[in-house]
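Inspection log for the structure reproduced underneath, given as structure tokens.
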Amino acid sequence: MANKPSIPKGTRDFSPQEMLRRQYIFDTIRGVFQRYGYLPLETPAMENLETLTGKYGEEGDRLIFKILNSGDAWKSVAPNVKAMIQAGEEVPPGRLASELAEKALRYDLTVPFARYVVQHQNEISFPFKRYQIQPVWRADRPQKGRYREFVQCDADVIGSTSLLSEVELVQLFDDVFTALGLKVVVKINERKVLSGIAEVCGQPEKVVDIVTAIDKLDKIGREKVEEEMRTKGVSDEAIRGIAPLFELKGTWTEQRPRLEEWLASSTKAQQGLKDMSLVFNAVGGLKSATLEFDPTLARGLDYYTGAIFEVKALEGSMPGSICGGGRYDDLTGIFGLKNMSGVGISFGADRIYDVLLETNKFPESLGSSTRLLFANFGEQEAMHCLKLLRAVREAGIAAELYPDAVKMAKQFKYADDKGIALVAIIGENELKEGTVTIKEMVSGTQRSVREEELLATISA
RNA sequence: GUGGAUGUAGCUCAGUUGGUUAGAGCGCCGGAUUGUGGUUCCGGAGGUCGCCGGUUCAAGCCCGGUCUUCCACCCCA
């Protein structure tokens, strides 16, 4: 016997019980997506490597799973690269990988979507609203709530710059988490405001360094943030200029005038603040989510240009975000289609699963798919049950017949383990009298009904 | 990618300074109960101690490597 079989690091099997719960999440999200007019789309698990590289920042490129070329991959390596290796020279990072692999597993759903839009632009009617629920892969080191294979549920609107899309997506977040019964905070920020901060501080070229440092504020505190900016080459004067950010507290209506005053000299920032105001004014009352402007929210993905979103659970111990998203003005530009602004959000189904499990929010009824089990008393009785079984199934009730005529205790245990609510007993006596004995598993009570009454009895 | 922990039965975990045949609880299977599960009682099966190598008369225990899971960093759903 060989070694115990196993699966790759960071991947998981899902048992029937886990799948019922996962499908509950997917179905809930899918239902809301469709109610908002988004249409389904699927793209391949693998993309051409060059489609993905350079879209997620330097860190992102490292995390892309590359697929070794089939056949003898070494043959596909360019002669000059081979020569470098044979001469013992250092090959630039990524260079050899791009020679050995021309395909890669998708890293997210947004970039493949942009690729799809460019490729099919003549068939699409814009603005195009699509949703996509598929796994993505990242070569990250696994941790709690961090997997190498996980499912994202995306909704994007492309081909419109209207802020009504941002408003709609916030409402969509709220609807999904209301349906799932989870309290969340939707954090929102504007890349234009972040650029404005860098401008006002006199170091617009340092936006990325400033922003990624600020993003860690709630984690490492103000002093460490300033220290990191300093090591990244941000001037002391600029760091002093950022100070008002740390004083910003309260609701949007409290934050807004202070931001407007502070960032008055940046027309970019003013535009961003105006956009945020529209979103806050238009979004209306929310049921499960609270919308919060968070000027320290950055998000690493390079392609965001406008609003950025992040959702955190207010219940449970999940440290990371459970959803993300934002507006990208030129994602399709890299593939040759200009002036195509889009905005989208992504639900992290696996993290949502972990939160719902921890906080006990899954509905009880997900335990089983079968409602009625026919006990098997032997060949003659089973043949009789088969007819009734068919009628029950045709009435839309999930039912099954125990396949073997084993002793009753085992059959009842099967029903118990599988969470089946009702067991129909048709033995010698019932067969003779044309009746069915129905046992309700939870209470343990049972009663005898005529066969004709079976459907009415169990559908109640 | 960097640093640090971890791995013993299906699951959760004991296992002394290295010393016969590695234990418990839960679960599983069988019986008490040949037409009744979830309670109870009795009995039983199940372990290459993650994997490979080393030290030793002797390794679950010590050493090296490797894989897994977890924690911090990085980043993110």
Side-chain angles (χ1 to χ4, degrees), chain A residues 1-12 15 25 29 56-64 93-94 107-110 133-154 184 212-213 215-216 219-220 224 228 297-302 304 308-313 318-326 344-355 373 375-378 381 402 405-431 437-446 448:
Chain A
M1 185 62 184
N3 285 341
K4 269 186 189 169
S6 62
I7 55 176
K9 183 203 293 217
T11 65
R12 295 151 300 154
S15 67
I25 295 173
I29 294 172
Y56 309 107
E58 204 178 312
E59 187 69 13
D61 281 357
R62 202 185 43 118
L63 300 178
I64 295 171
Y107 177 90
D108 72 355
L109 302 177
T110 308
I133 299 177
Q134 288 190 275
V136 303
W137 294 268
R138 294 184 188 177
D140 215 343
R141 187 177 286 210
Q143 260 182 57
K144 196 191 197 84
R146 173 182 293 186
Y147 309 100
R148 294 182 124 182
E149 177 185 61
F150 60 99
V151 174
Q152 288 195 327
C153 313
D154 276 34
V184 298
T212 49
D215 188 45
K216 296 171 193 160
K219 209 169 182 181
I220 61 176
K224 293 255 169 98
E228 181 171 327
L297 174 64
R299 300 195 57 77
L301 293 179
D302 277 2
Y304 291 124
I308 44 185
F309 302 105
E310 183 166 293
V311 177
K312 288 196 168 180
M318 177 61 65
S321 54
I322 54 176
C323 305
I345 55 173
S346 179
F347 291 81
D350 300 78
R351 286 189 176 176
I352 292 170
Y353 178 97
D354 290 347
V355 173
L373 174 75
N376 189 328
F377 276 81
E381 291 88 343
Y402 197 89
V406 296
K407 61 181 193 177
M408 281 303 98
K410 191 164 167 75
Q411 299 194 38
F412 276 100
K413 187 163 166 23
Y414 175 82
D416 192 38
D417 288 344
K418 214 170 161 180
I420 297 172
L422 303 168
V423 175
I425 301 155
I426 302 176
E428 204 182 334
N429 302 336
E430 287 86 352
L431 203 57
T437 300
I438 294 170
K439 172 155 172 165
E440 201 175 319
M441 292 301 281
V442 176
S443 61
T445 57
Q446 60 185 56
S448 179

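Quick caveat: nothing in here was measured; it's all calculated off a predicted structure.
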Which part of the nucleic acid, if any, lies within contact of A:G378, taking any heavy atom under 4.0 Å across all strands shown: a base, the sugar-phosphate backbone alone, or nothing? nothing

I need a per-nucleotide contact map over nucleotides 28-41 of chain B, read 5' to 3'. Cutoff is protein heavy atoms under 4.0 Å; write B for the base, S for backbone only, - otherwise. SS-S---BBBB---

Parallel, tilted or perpendicular, as decided by the 30° and 60° cut-offs, for the rings of A:Y107 and A:Y56: tilted

Nearest to the side chain of A:R146, heavy atoms from C-beta on, is which of B:C76, B:C75, B:U69? B:C75

Compute whether any side-chain donor of one residue and acceptor of the other, for A:E430 and A:T437, lie under 3.5 angstrom apart. yes

So A:G145, base contact, sugar-phosphate only, or nothing? Heavy-atom distance under 4.0 Å. base

Considering residues at least two apart in sequence or located in another chain, which fulfil the side-chain contact (heavy atoms from CB on, under 4.5 Å) criterion with A:A415? A:L373, A:I420, A:V423, A:M441

To the nearest angstrom, how far is A:I64 atom CD1 from B:A77 atom P? 14 Å

Using the six-membered ring for Trp and the full ring for Phe, Tyr or His, decide whether A:F150 stacks on the six-membered base ring of B:A77 (centres under 5.5 Å, planes under 30°). yes

For A:Y147, which contact category applies under a 4.0 Å heavy-atom criterion: base, sugar-phosphate, or nothing? base

Take atom CG of A:D108 and atom C1' of B:C76, then tell me their distance rounded to the nearest Å. 11 Å

P spacing across the pair B:U21 / B:G25, given as an integer number of angstrom: 23 Å

Base, sugar-phosphate or nothing for A:K312? Non-hydrogen atoms, less than 4.0 Å. nothing

A:Q143 CD to B:U69 P, in whole Å, measures 12 Å

Using a 4.0 Å heavy-atom cut-off, does A:S321 contact any base of the nucleic acid, only the sugar-phosphate backbone, or nothing at all? sugar-phosphate

Quick one: is B:U68 close enough that its OP1 or OP2 comes under 4.0 Å of any side-chain N or O from A:K9? yes

Within a radius of less than 6.0 Å around CD of A:Q446, do more than 12 heavy atoms belonging to other residues, nucleotides or ligands occur? yes

For atom P, what is the distance between B:G37 and B:U33, given to the nearest Å? 12 Å

Ignoring hydrogens and angles, are the base of B:C74 and the side chain of A:R141 linked by a donor-acceptor pair under 3.5 Å? no

Would you measure the distance from the P atom in B:U66 across to the matching atom in B:U2 and give it in whole Å? 11 Å

Sticking with atom P, work out how far B:C57 lies from B:G1, rounded to a whole angstrom. 40 Å

Secondary structure of RNA chain B per the Watson-Crick/G-U criterion (both distances under 3.5 Å; [ ] crossing, | other strand, . unpaired) is (((((.(..((((.....[...)))).(((((.......))))).....(((((..]....)))))).)))))....

Between B:G19 and B:C61, how far is it from one P atom to the other, in whole Å? 10 Å

For B:G3 and B:G46, measure between their P atoms and round to the nearest Å. 44 Å

Using atom C1' in both nucleotides, what's the gap between B:G64 and B:A24 to the nearest angstrom? 33 Å

Distance in angstrom units between A:F309 CZ and B:A77 C1', rounded: 16 Å

